[in-house]
Every structure is written in structure tokens, then in C-alpha cells.
K.L.:
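Just dropping this structure here.
The chains referred to below are lettered A, B, ... by the order of the sequence lines, with proteins before strands, and numbering in each begins at 1.
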Amino acid sequence: MRWSQGFLPTLRDDPADAEAASHRLLVRGGFIRQLGAGIYSVLPLGRRVLLKIERIIRQEMVGIGGQEFHLPALLPAELWKESGRWDEIGQEMFRLRDRREADLCLGMTHEEIFADLARNELRSYRELPQIWFQIQSKFRDEPRPKSGVLRTRQFTMKDSYSFDSTWEGLDRSFELHLEAYKRIFGRCGLETIAVEAWSGAMGGKESVEFQSFSEAGEDWAVTCPGCAYAANLEKAVSQVDAVEDPEDEAAPERFPTPGVHTIEELARFPGGAPAERQIKTLFYVVDGKPTLFLLRGDHDLSEVRAVDATGTANLRPGHPDEIQESLGASAGSLGAVGVDHLTVYADEALRGRRGMTTGANEDGFHLHHVDVARDLRSPHWVDLREVRRGDRCTKCGTELEVRRSIELGHIFKLGLRYSESMGVRVLNAEGQEVPVVMGSYGIGLERLMAAVVEAHHDENGICWPVSVAPWEAVVVPVKVTDDRQRSVAERLYGELQEAGVEVLLDDRDERAGVKFKDADLIGIPLRVVVGPRALAHGNVELFERAAASSSEVAIEQAASSVGEKIG
RNA sequence: CGGGGCGUGGCGCAGUCUGGUAGCGCACUAGCUUUGGGAGCUAGUGGUCGCCGGUUCGAGUCCGGCCGCCCCGACCA
């Protein structure tokens, strides 16, 4: 394509409200434009990148036996009511009514719809396994869209669903996806790790996320340098570092702590206690009922674990007035000693601890000499603690690392979650009707594009890997009004097109600096510069964007050199 | 939903405190000069100052309400 005829709206300035590099560069480079919070238009440049990502995904999905569908995004409520998710999923689902007042929603995922097709059409185990996929828009009313296209309310997802007659079959389908996903991300130029994850609203028994390390991410990946262990922070486990408590037979004793509201303040307070010798008391409202979560002072609550422990996702931190009403004190002076009118969950790390310090349920006072076993009224012992950097791996004892990451894909062993609620059954070899064992697998495409930018950019712009670059090469005549330069540039443009290279010709009558800046910004991997310096020797320059390295080749060799470099 | 910030030509911003009828840089149009890393000069185009209401002779500016967007904490591809 000729640049002068294309729509490539690059901006000279960074957009004011973009912080993440991918957001900034994709907007500035003319790949995307914002329409609303978490709603983006994809421009021609961005579309080319997404189509390349789609092609890679499609090839790999077909490679594991996947068959492509295209389901509606506008979905009747009935199927969701059947699976129970119409009520389970809260405000994240976009809901609407048609003119007959029938409930509908915009698809946020398609388990129900594929399960409906499966139950209507599949009859025998001999038709299985099946892997069905689509590449389609998803809608999720995120509480907080952010970072450009990393987290949006409408996005494109490759979602696939496997149907097997046995659990072993599900394991195979899952494994096929695991390997396909590794290839997909690798081909897009991303290093990823597969981590154990929490299944969340999808349900099912086991799930794995693919994450790419990036400071722009919103997830945390816990990895063990000593063994293969890797997990999402939500799911990660670790050994508790043991704390030696002194002999302390004394009864709990109230003591004044004026102005102390936090663990840190109490640790610094004369006569206070180090964080690991305090009991942190968190007040939550769970299914409408006030509830306490107890942790070691230096540990943090994992809300996902709290959800697991309580069996409901309906929980939130208590409001100040609720706390006051239940315990007669404000957050910062709370404790569970003597509390028997609230449900209390205690983290395993507190088991057997004594000589502890905790709030006295009276503002400005704490208790010393608390013996967990003796002074707490039969709490529910559960795992509430969030893993942190430096904790030891449960498998090999090595210190764990915790790093920011972007969740690129998530694969789930759904098991019978949908086949039982929706009646997806086939006959097995014995002629008995059995529920189909399902899996579901998703990749967010725009997020994947953004993650590639996060991983491949510098101060001048994006450095696309050739596999997903909007154009593979750009031919830049330094001065288009120069006849020699223009004719050589046209010649190379033609030769490269002939050779099947996706090539741009920057035929704009702009100064060289403008054209170089733009080419850097939009990240074309290879730039062929046609200028007087090299032409004097019958050469042109080849500039490799990512390496920022330049070399000269003879005009006659230029097209084939480009072909070699872009592989 | 809690906290913080911001809405002024396409983009980036000033002007708001202290009311007087909208300005700068970039981009865009035309001309001349220039031409290897975002050129210079000249002349132009383009804005109901987020929306509604109020105060006032007069509102971008003051008051009230609403809407939108960004960032930080609880959710997910």
C-alpha cells in the first residue's frame, strides 16, 4: 500500500489519558481509537494486526482438530437460566429486553450456547471427542475497564469447547489446548508461563492460565525458581515461615494504645508487638452476615480464599457503622477474643500461636497474652493467607517469586458443570446415557495484541515481531521529488510485492525525519531507505527496527535480502 | 462502589483563583524557501469552552445539578 493513500492517523503527542505503553502507542500509532470507557474502535492498522493474530490462532486450533463456528452475541436468557448463571453472574452481564419484554443478554462467554448445540446434535460417544471454537465479540460490563485495550467491555475472544465421553478424554483435549496455546503465544512473539489458576465463575475442577510477565498487567504470577511450580497469586500456596512464640501462660490483658490504627503502628508502638506476633482481624459482611477473618499480622487476606472458605462470592468489607454496631469499636482496634456472636474464620498460620497481640474491641486498646487455642471461641480453621515474595515453595522449599503479569488465556476443565445442568448426554459403548465431559478455553485477542506491544516497544514506538506486524516492510524514499530515489523506491516496492512481502511505500512528500519517526512509531520490522548516501554506491539501506541496526545492500539484492530477513 | 484528578478547534495545553465576549504549540489548507531523524516564513480554515439550570448588564470563569473520561483500591480473556 502507498502511505499517501492509506489511513494511518499517527499522532505527534502522546494521548493525555494513556498510561500503559500499549495504550499510548496503539492510540498514537493509529491502531485504535477510544469510543467510550472500555470500548475501542479498531482502525485499519490495528485490524491488520488482529487478523494476523486470528490467523495464527485459527491455524493452531484447526491443528488440534478444532472446527470453527460463529454463534450469536445476542442471547436469549433461557439457556442461562437453565445453567443457573443468569442469577449467579451479577452486574458483569449486559442484560436487555426485546420489544416483547423477553430477557436477553450480550454474550460474555458461550458455554451454554455450545452446550445447547451439543445436546441437540450429539447422540453417541462415537461422535466424540469434538473441539468447537469461534472467534467472536464478547461483552462484559467490567467494573473498571483500564489500560486501553488490555481490559475492555467489548473484546474479541477465541473461545473453544471440548466434548468428551470420558475424563481421560477431557485430559487429552485439555492437553491439546495447553500445547496449542504455547505455540500460539510463542508465534506471536510472547514468552508465557502456564500457571495454576482459580476457576471463578466458569466453574469446574481445574484451570490453567497463560500469563506474560509485564508491569502493565493486573495479575500476579507466583513462580518457583527451584522447581516447575507456578500459580496465579489467587491460587498459589506456600509454606508458612514458623514463628517461635515465647512461653506465655498469662491471661489476655488489655493495654492502652492511643492513636494506633494499623498493624505497622502497633509494631512501632512502645510495648506493642512485631507484625508476626499480632492477630489481624478483618470484618467482612458475608451473605449479609457480619463475619471475622483472622490472619497473622504480616499476612494478607486472599479474597478468593475467603470465597472458597465461606462458599459464597457474596462478601465485602464491612462499613464503619456496621463494624461499630457489631463490635463496638472501629477498624484498627478489632479482635476476636471473647467474640461468640459472629462467625469467625482463622487462618491456619495462627494455629497454636500464643502470646499474641490483637485489638480489644475498644478504640485505643489492644490485648496482650492472647493464646489462640485458649482464647478464641472455636473458629473455622481455613486457608486465608495470600502468598508473598520470599515464602517457601511447598514442593521444594525454594523462595518463591511474585511478578506482575498479564493473563492472556485461561483453560478450564469444566467437567460436568454444564452437561449435568443442561442435559448434554450421549450413549456410551454399553448403551447407557452418560453426561458429556466438557472443557472450555479462551484467549482475548485485543489483550494479546496489547501484550505484544508491552513486550516489544522502545522509546520510539512499537517493534512488532514479523509474525503479527501490520506490514512486514516499508520502503522509504528520503526525498520523493528526487527522480532517482522515486524510481528505485517504486522498483523495490514492486519487487517486494511480487515476492509476496507485505510492503508499504512511504511516498509522502514529507521530510525524512517525519517518515522515519512514523515508521518507528507504527513498528514496521524492516525499513528500506532509498537515499542519496547509499544510492551513490548503487545501494539501499536496510534498517531493522527491533535491533535498530542498519546495513547496505545492492539495489538488485534488496528484495531478496528483505525476504530473508523477514523469514 | 470508595478515594483522587480531568472535561476549552483533530491532538497536547494555557486562560477559571480575581467574570468583560477565547488563546498557544502541533496538525490541516495555500504560497515561497527548505529537504537523511517530527523544517522556516507568510496568509488562512476550524471551537454552541461536556450538558442543563441559576446568579449577573455580562459566565470558559461564580453557584446548583447531571453526564463523560482517566488514575488508585475490591473483579476477569
K.L.:
Mind checking if Asn460(A) touches a base, just sugar-phosphate, or nothing, with heavy atoms under 4.0 Å?
P.N.:
nothing

K.L.:
So what does Gly513(A) touch, heavy atoms closer than 4.0 Å: a base, only the sugar-phosphate, or nothing?
P.N.:
sugar-phosphate

K.L.:
What interatomic distance, in whole Å, is found between P of U61(B) and the corresponding atom of U18(B)?
P.N.:
14 Å

K.L.:
Answer with base, sugar-phosphate or nothing: what part of the nucleic acid does Glu446(A) contact at a heavy-atom distance below 4.0 Å?
P.N.:
nothing

K.L.:
Quick check, are the ring centers of Trp132(A) and Tyr441(A) under 6.0 angstrom apart?
P.N.:
no

K.L.:
What nucleic acid atoms does Gly531(A) come within less than 4.0 Å of, heavy atoms only: base, sugar-phosphate, or nothing?
P.N.:
base

K.L.:
Tell me whether the rings of Phe412(A) and His410(A) are parallel (<30°), tilted (30 to 60°) or perpendicular (>60°).
P.N.:
parallel

K.L.:
Please determine, for the side chain of Arg12(A), which listed nucleotide (A39(B), A77(B), C70(B)) has the closest atom?
P.N.:
A39(B)

K.L.:
Taking RNA chain B as the partner, which of residues 280-303 of chain A come within under 4.0 angstrom of it by heavy atom?
P.N.:
Glu303(A)

K.L.:
Students often get this wrong, so: under 4.0 angstrom with heavy atoms, is Gly90(A) touching a base, only sugar-phosphate, or nothing?
P.N.:
nothing

K.L.:
Judged by each residue's nearest nucleotide on RNA chain B, which is more toward the 5′ side, Pro15(A) or Ala20(A)?
P.N.:
Pro15(A)

K.L.:
Between G38(B) and Arg511(A), is there an OP1 or OP2 to side-chain N/O distance shorter than 4.0 Å?
P.N.:
no

K.L.:
Looking at every strand, decide which applies to Asp520(A) at a 4.0 Å heavy-atom threshold: base, sugar-phosphate, or nothing.
P.N.:
base

K.L.:
Taking pairing as Watson-Crick or G-U wobble with both contacts under 3.5 Å, can you name the mate of G23(B), or confirm there isn't one?
P.N.:
C13(B)

K.L.:
Please find out if less than 6.0 Å separates the ring center of Phe69(A) from that of Phe114(A).
P.N.:
yes

K.L.:
Name the pairing partner of C62(B), where a pair is Watson-Crick or G-U wobble with both distances under 3.5 Å, or state none.
P.N.:
G54(B)

K.L.:
Regarding G37(B), can its base be found pairing with the side chain of Arg527(A) as donor and acceptor, where the two atoms are less than 3.5 Å apart?
P.N.:
yes

K.L.:
Give one of base, sugar-phosphate or nothing for Asp159(A), where a contact means two heavy atoms less than 4.0 Å apart.
P.N.:
nothing

K.L.:
Categorize Glu541(A) for me: base, sugar-phosphate, or nothing, with a 4.0 angstrom heavy-atom threshold over every strand shown.
P.N.:
base

K.L.:
Flag the pair Arg153(A) and Asp141(A) as a salt bridge only when some basic side-chain nitrogen lies within less than 4.0 angstrom of an acidic carboxylate oxygen.
P.N.:
yes

K.L.:
Please determine, for C28(B), whether a Watson-Crick or G-U wobble partner exists with both distances under 3.5 Å, and give it or none.
P.N.:
G44(B)

K.L.:
Counting any heavy atom closer than 4.0 Å, what does Lys146(A) reach on the DNA or RNA strands: base, sugar-phosphate only, or nothing?
P.N.:
sugar-phosphate

K.L.:
Does Ser147(A) reach a base, just sugar-phosphate, or nothing at all? Heavy atoms under 4.0 Å.
P.N.:
sugar-phosphate

